[in-house]
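Below is one structure, written out as C-alpha cells; the observations come after it.
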Amino acid sequence: MNTQRLTAAQTEQAAEILRRGGLLGIPTETVYGLGANGLNSEAVAHIFEAKGRPQDNPLILHIPTADWLERYCADIPAAAYALAERFWPGPMTMILKRKPIVPDAVTAGLDTVGMRCPAHPVCRAIIAAADLPVAAPSGNTSGRPSPTNMADMLEDMDGKIDGIVDGGPCAVGVESTIIDLTEQPPRLLRPGGITLEELEEVLGEVAVDPAVTRLMGAGEQPKAPGMKYRHYAPKAPVTVVRGAPADAARYIRRHLTDGEGVICFNEFVPLFEGHPVEPIGPKDDVAEQARRVFDALRYFDGTDVTHIWAQCPDPAGIGLAVSNRLNKAAGFHIVDAT
Ligand code: AMP
Ligand code: MG
C-alpha cells in the first residue's frame, strides 16, 4: 500500500480516508495516533493488524466536543462533565460505561469505553470534517515507543496505512492521562499529559492503579489492558537510575561499560563522552523531558548499544508520566543511586 503524505491543510483528503474505512496517521498534542472510523468494525480491525496489537487491548474514541459523550456513553457521572469542562480539549481520556452503538472492536469487548477530545488543531479539523468518532491508539508498532513526529510514525507504518498528516512534533510527547470514572474513587489507570495533582483538584480523592508504579505479577489483571504489556521498549534492555540528578549521573558514569548508551538530563551529557547519549532535556524541565522521552528511546533502536542507562525525573506533575514510560521501557528494572 502506498501511504499518502498529507499536509496539515489537506483536512478534507484526510477525512475522506476515514470516511471510506481507511487507516490514517493523525497528529495529536500527545503522540501521533493511528485512526479509523470508530463506528466501522472492519476499519478498526485493520488498526490491530497494522500495529500487531493484541486483540484484548482496547482503543480510545476521539470526539470533537464533550456533547458527543451521550452518543456513546451511558450513566455518565457529573464528574465526567466537570473533567471535560476543565481539561477538554486536551490530553485526558475518561473511561465510561459504553452504549451498544460502540463496536466491540473498539472496546475489546469491555462494557466500558475510553473517550477523549483532543486539542491539536489539525486533529480537531480532521475529526470535524469526517464528522465521525475516531478510534485510535498510538501510531507505533505494538511494543515500540510511541511516535511523536511524522518521521517516527512512518518508520513503523509506511506502506501499512492509507495516509498520514504532518502536524509537526507533538507538544506534550506522552500519551493522554487515563482516568476511570466507573469506580469510586475514580482511578488513574495511566499517567499522562494531565497530572494526577490536576485531576485531584477536580475529583478530590483519586486512586492510583498499581500498574502505574510497579510490574504486574503473573495472573494480575490491570484495569487498562494496555498496562500489562512491556511497552515503549527499545531493543536494548534499559536500567533506570533513581536519585538526585547528580548522584544518578555519577552512578551511571561508574557503571557504564563499552557499547552501552545513556539517556540523561542535558546538564550531564559531558560526563558520558565517547558513548551514545540522548539528552532528554534540562533536569528541571519535565515538560521538555516528556516531549523527548520517546524519541530518546527510539533513537537507540538505530544503534547497536547492548544496554541503556536512564536518568529519571521525580514522579511529581508530568514527571509521573515520564517516569512511568521510562520504568515500563525498563520492565521496572530500577536501581537507586544512593
Ligand atoms: P494507546 O493510546 O496506544 O496507549 O492505547 C489506548 C490505551 O487506552 C491502552 O492502554 C488501553 O488499555 C486503554 N484503554 C482503552 N479503552 C479502555 C477501557 N475501556 N478500559 C481501560 N483501559 C482502556
Ligand atoms: Mg500505545
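Just so you know, ligand 1 is whichever comes first in the structure, and atom 1 is the first atom listed for that ligand.
In this structure, Asp111 does not pair ionically with Arg98, as no charged nitrogen and carboxylate oxygen lie closer than 4.0 Å. Using a 4.0 Å cut-off between charged nitrogen and carboxylate oxygen, Asp75 and Lys99 do not count as a salt-bridge pair. Checked for salt-bridge contact, Asp295 and Arg298 miss the test: no charged N lies under 4.0 Å from a carboxylate O. Using a 4.0 Å cut-off between charged nitrogen and carboxylate oxygen, Arg86 and Glu200 do not count as a salt-bridge pair.
Residue, atom and distance of the protein heavy atom nearest to atom 20 (N) of ligand 1 are Ile95 CD1, 3.7 Å. Here the heavy atom of the protein found nearest to atom 10 (O) of ligand 1 is Gly226 CA, 3.4 Å. Shortest contact from atom 14 (N) of ligand 1 to any protein heavy atom: Pro58 CG, 3.8 Å. The protein non-hydrogen atom at the shortest distance from atom 4 (O) of ligand 1 is Arg190 NH1, 2.4 Å. What sits closest to atom 2 (O) of ligand 1 on the protein, heavy atoms only, is Ser138 N, 3.6 Å. The shortest contact between atom 21 (C) of ligand 1 and any protein heavy atom is with Lys223 O, 3.3 Å.
When the heavy atoms of Leu110, Thr93, Ile178 are ranked by distance to atom 8 (O) of ligand 1, first place goes to Ile178.
Contact atoms of ligand 1 toward Thr112: 18 (C), 19 (N), 20 (N) (distance under 4.0 Å to a heavy atom of the residue).
At least one heavy atom of Ile60 sits closer than 4.0 Å to an atom of ligand 1. Using a non-hydrogen distance threshold of 4.0 Å, Arg53 registers as a contact of ligand 1.
Of the possible polar contacts, one joining the Asp166 side chain to the Gly168 backbone as a donor-acceptor pair under 3.5 Å is found.
Residues Ile161 and Val106 share a single hydrophobic cluster, defined by chaining ILVMFWY side chains whose heavy atoms lie under 4.5 Å apart.
The part of Asn57 lying near ligand 1 is the side chain, judged by heavy-atom distances below 4.0 Å.
Relative ring orientation between His255 and Tyr251 is described as parallel, the plane-to-plane angle staying below 30° on a 0-90° scale split at 30° and 60°.
In this structure, Glu70 places its CD atom where more than 12 heavy-atom neighbours from other residues, nucleotides or ligands lie under 6.0 Å away.
In summary, an N, O or S atom of Ser138 is located under 2.8 Å from the Mg ion (ligand 2).
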